[in-house]
Amino acid sequence: MKRLVQGFAAIFIAAFALMFMTQQLNEAEGYGGDKTVSVYNWGDYIDPALIRKFEKETGWKVIYETFDSNEAMMAKIAQGGATFDVAVPSDYAISKMIEENLLLPLDHNKLPNLKYIEPRFLDLSFDPHNRYSVPYFWGTVGIVYNREMLGGKTITDWNDLWDPSLRNQILLVDGAREVMGMALNSLGYSLNDTNKHHLREAKQKLDRLMPNVKAIVGDEIKLLLVNEEAAIGVVWSGDAAEIIAENDKLDYVVPEEGSNLWFDNMVIPKTAKNIEGAHAFINFMLDPKHAAQNAEYVGYSTPNKAALRYLPKDIANDQRFYPDLDSVGRLEVYENLGKRMLAYYNELFLEFKMHQK
Ligand code: N2P
């Protein structure tokens, strides 16, 4: 009998220890808890000092995880294994997540700092009335080029990239919509085109670009361009701003044939555990001083109107990164093309990537 009791006690202790360890592990992996706010954001997309400041001011610990594409982020959130209190998808991804019932409506009463956002960044078609999302950063897709390495040649068009003299000189951002969009625009099509013939034509055109492509890369694209490992990069505008700040031989152009205008917004996924903390974090990031500090640190453009006066003038007035949106009619926002079409874009992009050197 005694042995039986001892056995039960041992099992009980082991089970308890396991439960405790699992909880610790879950919290460490970002599965959240009462005292934590788990944030899922793009790589290189926040000033870490702001995370520390938020933790200090609120007592909540931030568990921070990064992703490098909307597709990877959506897959992880939809799959539900890891839960996040705040995420930062782009326009078309927000519309898709709303459609798939993956987001919680925001409580605007808990977001008083939303008033600092410039009205033209609110109430956009991917989320009418900002029911589910509030602006974080915005920008374009374009070409960074090194004037010196190109011997003074300037780049204005997507089609310039196919010039045989640029062999092995181009780095591409690792994004299906971005790269497919570039090819579609270079052919005179919309970057939201859903005609399969046009999409295949775009993929074939990309295959012809491959001899000029040195690599398809993530956030390391910035360092490679600053260090002049390649003369050209197809990048998001904020990365371009950061690159140019480090090496003034480089310039940024949004091609004539058209390009992408994007908006990254903060959302609360439906699986969030700390909804109070999520709102607090979002409101903290909307504070003009925090938004300015963040924009200056990461290089991206803030949609926070009140933040602009805290930014150095040469940043806030730089037309390359704060273009007047009324005059850039050739820019398009990615549309949510539906599950099947998005999958087709990804498939073509993966096929293209597979033939990398
Ligand atoms: C920053 C990623 C920017 C995302 N590394 C543009 N949507």
Side-chain angles (χ1 to χ4, degrees), residues 32 35-66 84-91 94 103-124 127 129-139 236-238 241-242 245 262-269 272-318 321-322 325:
K35 297 194 178 62
T36 62
V37 181
S38 54
V39 177
Y40 196 27
N41 199 355
W42 294 82
D44 288 355
Y45 220 32
I46 200 164
D47 178 351
L50 287 167
I51 299 181
R52 288 194 295 274
K53 188 169 180 206
F54 173 80
E55 291 181 325
K56 217 166 150 199
E57 279 180 14
T58 63
W60 273 309
K61 185 175 160 26
V62 172
I63 296 171
Y64 195 78
E65 209 176 299
T66 61
F84 298 99
D85 299 314
V86 177
V88 190
S90 310
D91 34 64
I94 294 169
L103 302 181
L104 272 187
L106 301 174
D107 182 348
H108 283 209
N109 293 323
K110 297 201 170 111
L111 304 172
N113 291 337
L114 189 54
K115 64 173 179 281
Y116 296 117
I117 298 292
E118 194 169 331
R120 66 177 170 153
F121 296 112
L122 295 173
D123 197 21
L124 298 174
D127 178 24
H129 311 300
N130 295 87
R131 252 193 102 201
Y132 297 94
S133 74
V134 299
Y136 185 69
F137 283 125
W138 68 283
W236 290 298
S237 49
E242 212 188 327
W262 55 262
F263 306 95
D264 288 347
N265 284 16
M266 295 177 275
V267 300
I268 305 184
K273 296 256 169 29
N274 184 354
I275 295 164
E276 193 66 33
H279 281 93
F281 184 84
I282 293 174
N283 198 49
F284 177 90
M285 294 311 293
L286 291 171
D287 175 283
K289 282 198 177 141
H290 299 157
Q293 180 179 333
N294 205 26
E296 197 173 348
Y297 184 90
V298 298
Y300 277 82
S301 310
T302 178
N304 192 310
K305 195 172 177 170
L308 293 177
R309 68 189 142 105
Y310 298 114
L311 279 178
K313 288 242 159 356
D314 56 329
I315 295 183
N317 294 334
D318 192 329
F321 306 114
Y322 285 90
L325 289 184

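Residue numbers count from 1 along this sequence.
For D127 (side chain) and S133 (main-chain N/O), a donor-acceptor pair under 3.5 Å exists by modelled atom type. Panel note: side chain D91, backbone F263; a donor-acceptor pair is recorded below 3.5 Å. Between the side chain of H279 and the backbone N or O of I275 there is at least one donor-acceptor pair closer than 3.5 Å. At least one donor-acceptor pair closer than 3.5 Å links the side chain of E55 to the backbone N or O of V62. Between the S38 side chain and the I63 main chain, no donor and acceptor come within less than 3.5 Å of each other. With hydrogens and angles disregarded, no donor-acceptor distance shorter than 3.5 Å links the side chain of T302 to the backbone of A291.
Sorted by first and then second residue, the salt bridge (charged side-chain N to carboxylate O under 4.0 Å, His left out) pairs involving residues 302-316 (not counting sequence neighbours) form an empty list.
Taken to the nearest 0.5 Å, the CD1 atom of I268 stands 14.5 Å off from the CZ atom of F84. Here the OH atom belonging to Y136 is positioned 11.5 Å from the CG atom belonging to N265, to the nearest 0.5 angstrom. Separating the CD1 atom in I282 from the CG atom in L106 is a distance of 5.5 Å, to the nearest 0.5 Å. Atoms NZ and CG, on K115 and L111 in that order, are 11.0 Å from each other to the nearest 0.5 Å. The structure places CG of N113 at 4.0 Å from CG of N283, a figure rounded to the nearest 0.5 Å. Here I315 contributes atom CD1 and F321 contributes atom CZ; the two are 10.0 Å apart, rounded to the nearest 0.5 Å.
Between the side chains of N41 and T66, no donor N or O sits under 3.5 Å from an acceptor N or O.
No side-chain heavy atom of P269 sits under 4.5 Å from any side-chain heavy atom of V86. Between V134 and M285, every side-chain heavy-atom pair lies at or beyond the 4.5 Å cut-off. P89 is listed as a side-chain neighbour of V267, based on a closest heavy-atom distance under 4.5 Å. Taking the side chain as every heavy atom from C-beta outward, D264 and W42 approach each other to under 4.5 Å. Residues E65 and V39 are not in side-chain contact: their nearest non-hydrogen atoms beyond the backbone lie 4.5 Å or more apart. Side-chain contact between L104 and Y132 is absent, with no heavy-atom pair separated by less than 4.5 Å.
With sequence neighbours excluded, the residues that form a ring pair (Phe, Tyr, Trp, His ring centres under 6.0 Å) with F281 are F54. Looking at residues two or more places apart in sequence or on another chain, you find a salt bridge (Lys or Arg N to Asp or Glu O under 4.0 Å) between D318 and R320. Take D47 and apply the salt bridge (Lys or Arg N to Asp or Glu O under 4.0 Å) test, not counting sequence neighbours, and it matches no residue. Applying the side-chain contact (heavy atoms from CB on, under 4.5 Å) criterion to Y310, with sequence neighbours excluded, gives P288, K289, A292. By the salt bridge (Lys or Arg N to Asp or Glu O under 4.0 Å) test, R120 is found to be paired with E118, residues two or more places apart in sequence or in another chain being considered.
In this structure, D123 and H129 approach most closely via the heavy-atom pair OD1-N, 2.7 Å. For D85 against T36, the heavy-atom pair with the smallest separation is OD2-O, 3.7 Å.
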Let me see the working for I46 and Y64 under side chain to side chain contact (heavy atoms under 4.5 Å, CB included), right down to the final yes or no. CA-CA 10 Å; I46 200 164; Y64 195 78; 3.2 Å; yes
List the steps and the verdict of side chain to side chain contact (heavy atoms under 4.5 Å, CB included) for R131 and L103. CA-CA 10 Å; R131 252 193 102 201; L103 302 181; over 6 Å; no
Could you go through L311 and Y322, starting from their C-alpha distance and side-chain angles, then the distance that decides it, and tell me whether this counts as side chain to side chain contact (heavy atoms under 4.5 Å, CB included)? CA-CA 12 Å; L311 279 178; Y322 285 90; 3.6 Å; yes
Between Y300 and W262, does a ring pair (Phe, Tyr, Trp, His ring centres under 6.0 Å) hold up when you go through it step by step? CA-CA 12 Å; Y300 277 82; W262 55 262; 5.7 Å; yes
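Aromatic pair W236/Y45: ring centres not closer than 6.0 Å.
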